[in-house]
Amino acid sequence: MSEKKRATPLLDQLESGPWPSFVKELKKTEETPVMQDFLGQLERSYEEHIGHWKHGGIVGVMGYGGGVIGRYSDLGEEFPNIAHFHTIRVNQPAGWFYTSDALRQICDIWEKHGSGVTNMHGSTGDIILLGTTTPELEPTFKELTDAGFDLGGSGSDMRTPSCCCGQARCEWACYDTMGACYDFTQSYQDELHRPAFPYKYKMKFAGCPNDCVASVARADMSFIGTWRDDIKVNQDEVRACAAKGTDIQKEVCDLCPTKCMKWDGTQLDIDNSNCVKCMHCINVMPKALRPGDDRGATIMIGAKAPIVGGALLSSVFIPFIKMEPPYEDIKELISRIWDLWAEYGKNRERVGEFIQRVGLGTFLEQIGLEPVPEMIAAPRSNPYIFFGGEIAEAE
Amino acid sequence: MSEKKRATPLLDQLESGPWPSFVKELKKTEETPVMQDFLGQLERSYEEHIGHWKHGGIVGVMGYGGGVIGRYSDLGEEFPNIAHFHTIRVNQPAGWFYTSDALRQICDIWEKHGSGVTNMHGSTGDIILLGTTTPELEPTFKELTDAGFDLGGSGSDMRTPSCCCGQARCEWACYDTMGACYDFTQSYQDELHRPAFPYKYKMKFAGCPNDCVASVARADMSFIGTWRDDIKVNQDEVRACAAKGTDIQKEVCDLCPTKCMKWDGTQLDIDNSNCVKCMHCINVMPKALRPGDDRGATIMIGAKAPIVGGALLSSVFIPFIKMEPPYEDIKELISRIWDLWAEYGKNRERVGEFIQRVGLGTFLEQIGLEPVPEMIAAPRSNPYIFFGGEIAEAE
Amino acid sequence: MSAASRVTDIGPPHYEKFLPPVIKRNYGKWLYHEILRPGVMVHVAESGDRLFTVRAATPRLLHISSIRDFAALADKYCAGHLRFTSRNNVEFLTEVEANIDPLVADLTKLGYPVGGTGNAISNVVHTQGWVHCHSAATDASGVVKAVMDELYPHFVNMDMPAKLRIAFACCLNMCGAVHCSDIAILGVHTRAPKIEHQNLPKMCEIPSVVASCPTGAIRPATVDGAQSVEIIEEQCMYCGNCFTVCPAIKINNAKTDGISIWVGGKVSNARTEPKFSKLAVPFLPNNPPRWPEVVEWVKKLVTLYATNARKHERMGEWIERIGWPKFFQLAEIQFTKYHIDDFRHAGETFKRSAQLRHG
Amino acid sequence: MSAASRVTDIGPPHYEKFLPPVIKRNYGKWLYHEILRPGVMVHVAESGDRLFTVRAATPRLLHISSIRDFAALADKYCAGHLRFTSRNNVEFLTEVEANIDPLVADLTKLGYPVGGTGNAISNVVHTQGWVHCHSAATDASGVVKAVMDELYPHFVNMDMPAKLRIAFACCLNMCGAVHCSDIAILGVHTRAPKIEHQNLPKMCEIPSVVASCPTGAIRPATVDGAQSVEIIEEQCMYCGNCFTVCPAIKINNAKTDGISIWVGGKVSNARTEPKFSKLAVPFLPNNPPRWPEVVEWVKKLVTLYATNARKHERMGEWIERIGWPKFFQLAEIQFTKYHIDDFRHAGETFKRSAQLRHG
Ligand code: SRM
Ligand code: SRM
Ligand code: SRM
Ligand code: SRM
Ligand code: SF4
Ligand code: SF4
Ligand code: SF4
Ligand code: SF4
Ligand code: SF4
Ligand code: SF4
Ligand code: SF4
Ligand code: SF4
């Protein structure tokens with residue numbers, strides 16, 4: 001261990017204040033050589049206003065193409081203990097539920113083989129083990145699998161799916177998000193661990209249109225719970241809300257996107273045929289209103305961040321489907337999507353950009369799905385229709 | 001004149017029915033050779049389901065590049081009297097107001113020099129004299145100018161401006177549309193008659209946001225009247241409307257785009273700071289409500305049909321400006337737009353497409369107009385900002 | 001005649017010469033208007049003066065003899081004053097209320113129905129078609145006549161929930177500016193154009209031909225020795241723009257040209273912002289002289305709108321309230337891939353929310 | 001160790017192993033929930049069972065010793081059960097109401113504040129920054145810490161009109177998915193990257209480098225003999241994508257990297273459809289360790305929203321109600337050309353209506 005502690009005056013300023021401090025976290029084992037170098041390099045970044053990490057050669061564990069992000073310091077001589085400082089992505093349990101024992105197992109492994117620094121969790125959902133060297137990768141992996149954990153995704157593969165806590169702790173979950181997340185994750189272990197796609201492919205499972213895992217913004221395939229029948233109304237509880245001071249007209253009816261609710265002061269009437277399942281009224285009166293019983297999900301496709309063609313939100317792919325294991329129909333569609341995308345997708349072209357390039361109509365035709373008007377906000381306004389010779393000749 | 005009348009069984013079927021018949025119009029001088037051939041070729045088109053016109057070499061009058069559309073029959077031998085059948089576009093008087101004498105003058109000229117067929121009016125606004133031969137062009141032009149008329153635009157020039165009847169017959173006109181239309185038309189006679197632009201440039205003048213000349217959809221530069229101060233309310237007339245059965249809450253307040261009106265059954269309150277001058281409430285209660293007194297126009301830019309990059313609506317260029325002759329400030333801006341567009345616009349690139357290609361920000365910078373948030377529906381959501389080295393280096 | 005003696009660039013006559021005295025007196029001082037009955041309006045000025053307007057339909061394609069008839073009526077009832085509207089109607093302007101009835105009677109006798117005001121279906125903005133344009137995929141005047149013969153009752157009665165504007169254009173150039181109409185009738189070509197390679201080099205500039213194609217379907221090619229172009233058929237969506245810049249490229253096709261119908265556009269800023277028309281019926285055959293399929297579809301859409309929309313609600317406003325899926329269902333239009341945009345900004349038209357009716 | 005004995009592709013452990021009994025019993029049978037106080041919720045099952053949740057903030061970057069502390073607290077109060085949220089908070093799950101107060105006390109003592117529920121400002125979704133990423137234009141953890149030290153009162157109180165979600169990303173890759181947040185803090189590069197021509201040929205595939213550029217600013221070039229690429233600086237908007245595919249292209253710049261702020265995004269379908277965040281403040285300097293300019297702007301925007309928005313109204317919903325011009329005026333942000341989109345679908349963001357406030 002290094003002679004004397006490095007001074008980190010800038011970082012030290014971030015130890016104070018009411019919000020939990022990542023600097024305090026880093027200093028928990030400040031005396032170790034690794035942490036000394038880690039803090040040292042970070043302090044340098046704070047002084048110089050620039051990062052000091054490089055991405056370099058692919059590193060990983062045997063037989064896997066993903067799950068490890070190779071990182072190297074560009075100040076290797078000065079900070080030799082973090083010259084190599086890779087990230088291991090560990091696939092989190094669905095819904096991020098743990099027992100204290102499970103967490104301790106992971107801590108013990110990471111204490112032995114890495115920096116002891118983690119992210120709980122990475123923004124895709126993985127447990128992030130932050131900082132180790134190439135030789136430590138295999139042993140870490142071995143102990144993780146022994147403990148029942150496996151790696152998550154990285155690179156052009158299926159990425160670690162994630163989901164909201166759903167039916168485990170939410171009255172609004174319209175399908176079993178954790179069950180589905182686990183099932184799909186297990187079904188696609190090969191795609192998850194061995195990059196074979198044009199680019200990454202993310203799945204997120206949200207139990208209702210509140211979308212607590214931001215799937216519509218962050219997943220190439222978003223499973224958003226919804227229902228087909230009527231909202232369940234407990235009129236007594238509605239009146240109770242009113243009594244407790246909720247202005248039902250202003251706070252609920254007027255904010256309904258389709259204005260499909262009527263409140264006469266004692267009775268709340270919902271024209272369910274015009275309800276677009278936005279959740280607002282239910283959100284405001286959780287005791288009075290509940291999603292209907294005929295539940296399932298809307299499957300949406302194509303969300304992504306800006307690179308390359310600009311950010312996209314997912315768009316409707318299947319307006320409503322029952323979410324029942326083993327989800328054969330859905331998996332059948334997914335494989336057709338992957339086949340098409342793998343064959344015609346350009347390198348680093350997300351499926352959402354692919355669909356826009358080839359055209360949604362063509363895409364649907366290729367995977368054999370009927371177009372329905374729910375897939376669009378509005379029909380085309382430009383007259384550039386490709387009839388492709390399908391208009392019969394008049395005789 | 002030809003021996004025996006051609007049979008036109010298909011066209012004849014369009015003489016019946018309550019709507020005025022263009023076939024009857026054509027048959028008003030059925031017996032003339034020209035009309036015989038004209039009807040004959042048209043009947044052929046009805047039989048064969050295809051048109052028989054060609055566009056050919058540029059024709060026109062001396063010193064003008066526009067105002068005449070050359071048309072040739074592709075069945076010239078069969079219909080020699082319409083082998084050449086050009087259109088003359090005559091610049092209509094602002095607001096399409098006429099006296100019977102003026103109309104008769106035009107009829108007499110067209111009887112002498114052309115087919116006698118017209119369009120009142122062409123969809124840009126011109127008087128369309130439909131069908132004559134090249135030798136007749138000069139004499140027709142001479143007689144038109146003697147009668148005080150001149151040609152309209154065609155080709156890559158400024159097109160014939162048009163306007164709604166405005167202050168001549170509408171209580172809502174927020175500026176003098178006919179005065180402005182006439183003034184701009186006269187100021188730009190050279191641009192109107194001698195194509196020197198990358199593509200056509202249309203101006204339309206509407207007195208209020210009802211936009212009765214569809215300027216937002218059909219003009220490269222749309223002048224739409226509006227006001228800055230408060231809507232003038234006559235509460236007695238509002239009550240009168242209510243009494244006569246207008247459901248003010250439902251028909252007026254609820255349909256206000258910003259919901260800025262309150263109706264308590266006797267009094268209509270308007271939060272004018274949130275009124276977006278949509279005209280709806282005024283439209284519904286013309287006797288009760290009127291535009292304010294501080295009137296002017298919103299100038300918008302760039303509307304066009306689909307060719308080439310897709311149709312565009314005009315977008316806000318100047319949110320509010322007083323429309324006072326001689327409109328120097330506006331003309332100054334127009335000349336800067338034309339200079340920039342003429343220099344950097346591609347052939348057949350409308351100004352709306354040009355702005356999208358170079359970027360609205362750059363366009364404004366080039367013509368020296370400050371960007372204001374009224375020009376956009378929302379700020380950029382993609383992070384691809386061109387700072388162009390304008391961000392100062394931190395020392 | 002020497003160019004010198006020639007007058008040019010005088011521009012249009014000044015409108016003031018044509019204004020009736022009552023307008024000159026009250027120019028910019030109108031107070032309000034009332035629609036007295038379909039086609040008849042009164043505008044009342046601050047001065048108390050009243051101007052009566054009688055609006056009649058014209059076929060737009062007018063023979064000079066009819067224009068002379070209008071002139072005669074104007075002399076008879078309006079001291080010679082009349083105007084035309086932005087939708088091809090003629091308007092007679094008089095101060096004399098008593099003149100209205102005889103004027104209406106004369107117009108009706110002449111076959112020019114009075115109406116088109118308020119929430120009536122007014123005249124159809126339209127274009128040349130086979131009557132005079134080279135790129136027409138169908139006829140304009142004929143389709144308009146066939147359609148309006150059926151919609152006539154709605155011209156002479158103000159029985160729509162709001163304004164319903166119909167426009168027609170005979171090719172994608174959209175001279176009728178149909179791109180923002182409640183109901184748009186649009187002639188369409190549906191096959192890639194044929195190239196006359198022998199004429200092309202003589203008649204056209206190859207670079208501008210190549211540049212003219214919105215989808216980049218045209219590339220230069222040498223065809224039996226001569227410089228020409230070729231069209232990649234899969235990339236062509238038949239806009240005819242190449243034909244517009246180059247007569248040697250033939251877009252018209254008797255067998256496969258036809259008509260499409262678009263709905264829900266608007267221009268005014270009233271209530272909602274201006275909207276583009278959206279595709280409803282991708283293709284209907286050219287069936288002159290009365291285009292029964294087109295007429296049926298337009299009637300169906302008008303009836304559907306009239307029976308379902310709320311008061312003051314334009315076609316597009318109604319559809320957006322009930323949602324496009326419901327519209328397709330009510331109109332019994334089969335939703336196809338053609339309805340899904342696949343041009344430059346296609347992605348912007350996808351439904352990017354789980355807000356859906358599942359009922 | 002031979003690959004044979006190696007276990008692979010086992011996937012994550014089954015979640016059931018980690019669920020508390022009360023959840024197993026009532027899985028999918030929850031009836032309603034109540035927020036008892038900031039950070040403390042109860043979920044009531046059809047069976048009548050009650051599950052109490054105590055939510056505490058974490059810095060996300062956690063040392064194993066802290067995770068062990070959490071584990072210990074879970075043992076002490078929750079029979080060993082806890083979870084993390086999609087926004088980096090930790091949640092302790094217990095059936096025993098009496099455990100709430102001591103648990104809250106212990107967490108507070110350890111420095112992990114309890115809150116973030118309902119209309120509080122919850123934890124910040126964020127990314128690596130200088131801590132671990134090569135393309136970071138700024139630090140992530142530091143900015144988040146500086147901002148949340150100031151917004152702390154809104155984490156422990158539910159005093160916002162609605163949810164206000166803040167996200168942070170350190171470069172345009174947007175790992176924090178900041179593109180749909182009420183307030184998004186985004187690290188930006190503002191200069192074209194520098195190319196190490198000697199390394200490029202060795203390290204990168206030239207075609208994929210060229211293809212990586214969204215604006216087509218990169219073209220192949222031969223630099224002193226060697227095959228490499230050149231960047232047309234006028235066309236570069238510093239996204240860093242070329243750097244992502246090619247380490248020999250350096251995007252980071254100590255002098256000109258900084259931070260931009262975006263507003264009005266949302267993800268939920270509640271009331272309005274999901275929305276992208278829009279540009280508010282184009283550039284603020286990197287000013288570690290506490291980024292005062294960034295903190296000030298975020299605070300200002302939060303206060304503006306909190307004082308002006310209506311109940312249940314998200315930031316973007318509020319702005320759309322009052323209009324962007326009003327927002328820029330209230331926030332005292334100078335509107336610049338940078339705010340005007342100029343990327344692929346820019347035209348779709350122009351105001352194409354005369355519906356304007358002129359007041
Ligand atoms: C670790 C993580 C950020 C974090 O601190 O949590 C992360 C870190 C990186 N992301 Fe990410 N991304 C992470 C979640 C995301 C997300 C959010 C999400 O998944 O919900 C996004 C936006 C959503 C999306 O996928 O579009 C995201 C969009 C990107 C992109 C842009 C992709 C695009 O199509 O626009 C890149 C660039 C690329 O793929 O080369 C990228 C690339 C990277 C790389 C690998 C940088 C690189 O090119 O080498 C970063 C490695 C940093 C490091 O040193 O570890 N990362 N990345 C997240 C993964 C942790 C986990 O597995 O749980
Ligand atoms: C006569 C008229 C239609 C009518 O029956 O009323 C007309 C007729 C033609 N238009 Fe048009 N356009 C006419 C108003 C319009 C309008 C409507 C408007 O001005 O409000 C538009 C849509 C608005 C716009 O300008 O975008 C229009 C958009 C086009 C276009 C597509 C322009 C574009 O940028 O998308 C073309 C193609 C072109 O410019 O080569 C075109 C081209 C043509 C040509 C010249 C065909 C050609 O390429 O040679 C047509 C000549 C027909 C003929 O034989 O006379 N015409 N054209 C209208 C002019 C009469 C007048 O001067 O009053
Ligand atoms: C005469 C004319 C202007 C001209 O100078 O020629 C005109 C005149 C009037 N318009 Fe218009 N509009 C005229 C074309 C238009 C157009 C342009 C078009 O149709 O291509 C529009 C835009 C249509 C659209 O949005 O697509 C138009 C949108 C309106 C509106 C808004 C309707 C709406 O709710 O969206 C009003 C207000 C109303 O009627 O309530 C209006 C109202 C009026 C008023 C009542 C204004 C007034 O106080 O005098 C005039 C009598 C209208 C009527 O017919 O009842 N006028 N009006 C045009 C008659 C066309 C025709 O012969 O039918
Ligand atoms: C625990 C968590 C899901 C998980 O599996 O981790 C969760 C849990 C709940 N969410 Fe959520 N949401 C969670 C992230 C989200 C996200 C994702 C995000 O923020 O990135 C969203 C989308 C945010 C957005 O729109 O940008 C989200 C949008 C909502 C909404 C809709 C809010 C709105 O009006 O737009 C509700 C309804 C409400 O709160 O009224 C909601 C409601 C709820 C309820 C009340 C559902 C229930 O009945 O249990 C849960 C307690 C919420 C609370 O904090 O008061 N949850 N919720 C996430 C907690 C994050 C955190 O630590 O703060
Ligand atoms: S997404 Fe819906 S089901 Fe899932 S946690 Fe959020 S509110 Fe509950
Ligand atoms: S869920 Fe949304 S759309 Fe449905 S009734 Fe409630 S508020 Fe209206
Ligand atoms: S645009 Fe306005 S001012 Fe002009 S006629 Fe129409 S309603 Fe009157
Ligand atoms: S003009 Fe339009 S926006 Fe203004 S108050 Fe009337 S309805 Fe509302
Ligand atoms: S729409 Fe097309 S076919 Fe019709 S007149 Fe215009 S250019 Fe000619
Ligand atoms: S018709 Fe249009 S799309 Fe087809 S080749 Fe010609 S220009 Fe291109
Ligand atoms: S946002 Fe950019 S800098 Fe930050 S972690 Fe992701 S890739 Fe790295
Ligand atoms: S930073 Fe982005 S825009 Fe600039 S050259 Fe690289 S890829 Fe192109």
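Hydrogens, waters and symmetry mates play no part in the numbers below; they use all other heavy atoms, side chains included.
- With a 4.5 Å cut-off on non-hydrogen atoms, C/F155 touches chain B through its side chain but not through its backbone.
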Self-check item: C/L82 vs B/F97, side-chain contact (heavy atoms from CB on, under 4.5 Å): CA-CA, chis, key distance, verdict
Solution: CA-CA 6 Å; C/L82 75 170; B/F97 282 87; over 6 Å; no

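- Contact annotation for C/D139: only side-chain heavy atoms (C-beta onward) come within less than 4.5 Å of a heavy atom of chain B.
- Between C/F84 and B/Y98, the closest side-chain pair of non-hydrogen atoms falls below 4.5 Å.
- With a 4.5 angstrom heavy-atom cutoff, C/L51 touches chain B only via side-chain atoms.
- If you measure heavy-atom distances from C/Y27 to chain B, the contacts under 4.5 Å come from both the backbone and the side chain.
- Proximity to chain C (any heavy atom under 4.5 Å) is shown, for B/I127, by neither the backbone nor the side chain.
- Within the 4.5 Å cutoff, no side-chain heavy atoms of C/H63 are placed close to those of B/L26.
- Ring centroids of B/W53 and C/H132 are separated by less than 6.0 Å, placing the two rings close together.
- For a residue to count as touching a neighbouring chain, one of its non-hydrogen atoms must lie under 4.5 Å from one of that chain's; by this rule C/T272 does not touch chain B.
- Listed for the B/S123 side chain is a donor-acceptor partner under 3.5 Å among the backbone atoms of C/C175.
- Only the side chain of C/L93 comes within contact range of chain B, judged by heavy atoms closer than 4.5 Å.
- Ring pair C/W291/B/Y46 is perpendicular by interplanar angle, where above 60° counts as perpendicular and below 30° as parallel.
- There is no contact between B/M285 and chain C, counting heavy-atom distances below 4.5 Å.
- Within the 4.5 angstrom heavy-atom criterion, only backbone atoms of B/C170 (N, CA, C, O) approach chain C.
- With ring centers used as reference points, B/F22 lies 6.0 Å or more from C/H126.
- With chain C as the partner, the residue from B/T29, B/I82, B/T124, B/V276 showing the most heavy-atom pairs under 4.5 Å is B/T29.
- Looking at C/T53 and B/R169, their side chains do bring a donor and an acceptor atom within 3.5 Å of each other.
- Heavy atoms closer than 4.5 Å to chain C are found nowhere in B/K250, neither backbone nor side chain.
- No part of C/E313 comes within reach of chain B, as not one of its non-hydrogen atoms sits under 4.5 angstrom from that chain.
- The distance from the OG atom of C/S141 to the CG atom of B/L42 is 8.0 Å, given to the nearest 0.5 Å.
- The pair B/R290-C/E46 counts as a salt bridge, with a side-chain nitrogen and a carboxylate oxygen less than 4.0 angstrom apart.
- Only the side chain of C/V125 comes within less than 4.5 Å of a heavy atom of chain B; its backbone N, CA, C and O stay farther away.
- The closest side-chain heavy-atom distance from C/D75 to B/R104 is below 4.5 Å.
- Looking at C/T244, both its backbone and its side chain come within 4.5 Å of chain B, counting heavy atoms on both sides.
- The distance from the CD1 atom of C/I10 to the CD atom of B/Q186 is 8.0 Å, given to the nearest 0.5 Å.
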Quiz prompt | Derivation and outcome, side-chain hydrogen bond (donor to acceptor under 3.5 Å, both in side chains), residues B/K28 and C/S66 | solution = CA-CA 9 Å; B/K28 295 253 160 115; C/S66 306; 2.7 Å; yes

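- Contacts between C/E91 and chain B at a heavy-atom distance below 4.5 Å involve the side chain alone, from C-beta outward.
- With a 4.5 Å cut-off on side-chain heavy atoms, B/D74 and C/H134 do not count as touching.
- If you measure heavy-atom distances from B/Y175 to chain C, you find no contacts under 4.5 Å at all.
- Within the 4.5 Å cutoff, no side-chain heavy atoms of B/L255 are placed close to those of C/E317.
- Counting only distance, with no hydrogens or angles, the side chain of B/W19 and the backbone of C/Y152 share no donor-acceptor pair below 3.5 Å.
- Looking at C/E16, neither its backbone nor its side chain comes within 4.5 Å of chain B, counting heavy atoms on both sides.
- With rounding to the nearest 0.5 angstrom, the CD1 atom of B/I106 is 11.5 Å from the CD1 atom of C/I64.
- At least one donor-acceptor pair under 3.5 Å links the side chain of B/T118 to the backbone N or O of C/L62.
- When side chains are defined from C-beta on, C/W130 does not count as touching B/H52, because their heavy atoms never get closer than 4.5 Å.
- Ranked by heavy-atom pairs under 4.5 Å with chain C, the first of B/K24, B/R218, B/Q13, B/R71 is B/R71.
- Interface summary for chain B: among C/P13, C/A74, C/A136, the most heavy-atom pairs under 4.5 angstrom belong to C/P13.
- With a 4.5 angstrom heavy-atom cutoff, B/H193 touches chain C only via side-chain atoms.
- Contacts between B/V284 and chain C at a heavy-atom distance below 4.5 Å involve the side chain alone, from C-beta outward.
- Using a 4.0 Å cut-off between charged nitrogen and carboxylate oxygen, C/R68 and B/D108 count as a salt-bridge pair.
- Residues B/M279 and C/S268 form no side-chain contact, since every pair of their non-hydrogen atoms from C-beta on lies 4.5 Å or further apart.
- Neither the backbone nor the side chain of B/E47 comes within less than 4.5 Å of any heavy atom of chain C.
- A donor-acceptor contact shorter than 3.5 Å links the side chain of C/R83 to the backbone of B/G95.
- Checked by atom type and distance alone, the side chain of C/H33 never pairs as donor or acceptor with a backbone atom of B/E171 at under 3.5 Å.
- If you measure heavy-atom distances from C/C180 to chain B, the contacts under 4.5 Å come from the side chain alone.
- For B/T160, no part sits under 4.5 Å from any heavy atom of chain C, backbone or side chain.
- Under the disulfide bond (SG atoms under 2.5 Å apart) criterion, C/C246 pairs with C/C204, not counting sequence neighbours.
- Of the two parts of C/H43, only the side chain, counted from C-beta on, holds a non-hydrogen atom closer than 4.5 Å to a non-hydrogen atom of chain B.
- Taking the charged nitrogens against the carboxylate oxygens, B/R194 and C/D9 do have a contact shorter than 4.0 Å, which makes a salt bridge.
- Interface residue B/A94: backbone and side-chain heavy atoms are both found under 4.5 Å from chain C.
- In this structure, the portion of C/M41 lying under 4.5 Å from any heavy atom of chain B is its side chain and not its backbone.
- Using a 4.5 Å cut-off on side-chain heavy atoms (C-beta onward), C/N269 and B/N210 make no contact.
- Atom CG of residue C/D149 and atom OG of residue B/S16 lie 6.5 Å apart, to the nearest 0.5 angstrom.
- Of the possible donor and acceptor atoms, none in the side chain of C/R271 sits under 3.5 Å from a partner among the backbone N and O of B/P257.
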